[in-house]
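Report on the following structure.
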Amino acid sequence: MRTATLGPAQRAESLASMAERELDVLVVGAGVVGAGTALDAVTRGLSTGLVEARDWASGTSSRSSKLIHGGLRYLEMLDFALVREALKERGLLLERLAPHLVKPVPFLYPLQHKGWERLYAGSGVALYDAMSMARGHGRGLPMHRHLTRSHALRVAPCLKKDALVGALQYYDAQMDDARYVTNLVRTAVAYGAQAANRARVTGFLREGERVVGAKVQDVEGGGEYEIHAQQVVNATGVWTDDTQAMVGERGQFHVRASKGVHLVVPRDRIHSTTGLILRTEKSVLFVIPWGRHWIIGTTDTDWDLDKAHPAASSADIDYLLRHVNSVLAVPLSRDDVEGVYAGLRPLLAGESDATSKLSREHTVAHPVPGLVVVAGGKYTTYRVMAKDAVDAAVHGLDMRVAECVTEDVPLLGAEGYRALWNARARIAARTGLHVVRVEHLLNRYGTLAEELLQLIAEDPSLGEPLPAADDYLRAEIVYAASHEGARHLDDVLTRRTRISIETFDRGTRSARDAAQLMAPVLGWDKDQIEREVEHYQKRVEAERESQRQPDDLTADAARLGAPDIVPL
């Protein structure tokens, strides 16, 4: 089984190795596009480095709607090329590249008008399914179906009877976005890439007009590195313009940030066996099944404040509750909300002022020799964006380079996943874990779950659930620090797990236990454990305070009351 370890020792070795000799490609930014670019480059045989200022996926790529979808609403905009491309990628991820991480999810679209709406919406969903099947990547997802009102209410009893006259049900796919990116990084490292998080680019190295590398600060250890590379790829998403400014050249395009806010509520608050998709005056609203929870989102508003910690305001929460309650027989209140998160979409700036009208297509540019910039796009098509970025970088390399092969490179944990899934009852019997726990591990780690089972075999206490966060095992906290590059408590409670949005206390009751599990792996003393717990608690309180504010300005100011942790 191919694997890779992203522990503290490997991080230090990667930084030193990247600074020792010139790389073919250095990728800046470890969101889904940057991580995908590193995997694409290294699997073409290129020496590849990846640096990230904070944590893997700490920006947009951990705060999405967590959907892998073709973009049904883009059909209405007649953007057939984008939908076709995304549907192909959806199929690849479901069937070949990451079946352990990407899963089918059903959606119900309530019809509110008799006759014409069923014909209009039904034609769109039928075309959506047909485009998926036409590319040979529609297998694994059921076809759409038309439902009467009574049938729809049996499937989704939560709906008001007068909120629909019938419905359509169709399928897309979903994943845990942050976990997916972490897996991408590990896969790139397994094929030979060097990767380091908490490694911030502070400037670019120049030879005349040519970019020949980057100056990188080790945010953890305080060291400075000069990493030389024949080609640098800027994949920093909503930070693209800021990173571009370091070159001192005017960018060929600009990236605007659109804020999307999501709510998380317990599964028992909405009685339904299917997700929902609802029209709003601006876009669409999803109610997405998420384990023992629902994710409700999203908003779509311009954002020009702090990019690192976009804040959800009271107005954002009210907007989502108002729209979802318009169709629910039993309305949701603020007391039902377990978690709230806000993310920023990187949109290519266009002529329209409405962010929902800006392009979700991506652009690759070569603003100066030695530097490639990739921006825009959507999560589902990250692999295509990565391919295009590396294709552009290859033009600047004085060597013959192989074509992209990532269409045939499964992520770590994918190979043999279905066989292990079929054997989950035997694994449960062998390990003493309940079969539900084994399924949980297989759906989060695939065949890499064997590594967690080994940790539990060596220390059976790690097979116990984390206090106040029963869905997760103690082993997962240790593994996040030892194998997945988690450097801080926030990394584990917010991205390696989703405890920060899946519990009403937002992870504060689990924080100390988690920090104590991480401490031996990361060499923390008691003082550092206290700093980690205190920082996390302050972050949660700052987020809660921001969500009580009436608008973006006041919410942003409240959220910035909790600064980022800097290790001593």
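Here the structure is a predicted model, which is why all the values come from computation and not from measurement.
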Which is it for Gln244 and Leu371 under the side chain to side chain contact (heavy atoms under 4.5 Å, CB included) test, yes or no, and what are the steps along the way? CA-CA 10 Å; Gln244 194 73 0; Leu371 179 67; 4.1 Å; yes
Is it true that Tyr180 and Tyr382 have ring centroids separated by less than 6.0 Å? yes
For the pair Arg383 and Glu89, find out whether any cationic side-chain nitrogen is under 4.0 Å from an anionic carboxylate oxygen. yes
Would a line drawn from the ring center of Tyr74 to the ring center of Phe80 be shorter than 6.0 Å? no
Under 30°, 30 to 60°, or over 60°: which ring-plane class applies to His100 and Tyr417, parallel, tilted or perpendicular? tilted
State whether Tyr191 and Arg44 meet the cation-pi test: NZ (Lys) or CZ (Arg) under 6.0 Å from the six-membered ring centroid, and within 45° of the perpendicular axis. no
Can Phe107 and Phe286 be said to form a ring pair (Phe, Tyr, Trp, His ring centres under 6.0 Å), step by step? CA-CA 9 Å; Phe107 286 103; Phe286 286 102; 5.3 Å; yes
Hey, would you say the His488 and Tyr536 ring centroids sit under 6.0 Å apart? no
Between Asp176 and Arg498 (salt bridge meaning N to carboxylate O under 4.0 Å), is one present in this structure? yes
Cationic tip of Arg418 within the cone over Trp421's six-membered ring, i.e. under 6.0 Å and within 45° of the normal? no
Dump the intermediate steps for side chain to side chain contact (heavy atoms under 4.5 Å, CB included) on Val51 and Val201, then the final yes or no. CA-CA 8 Å; Val51 291; Val201 169; 3.9 Å; yes
Answer yes if the side chains of His440 and Asp471 hold a donor-acceptor pair under 3.5 Å, and no otherwise. no
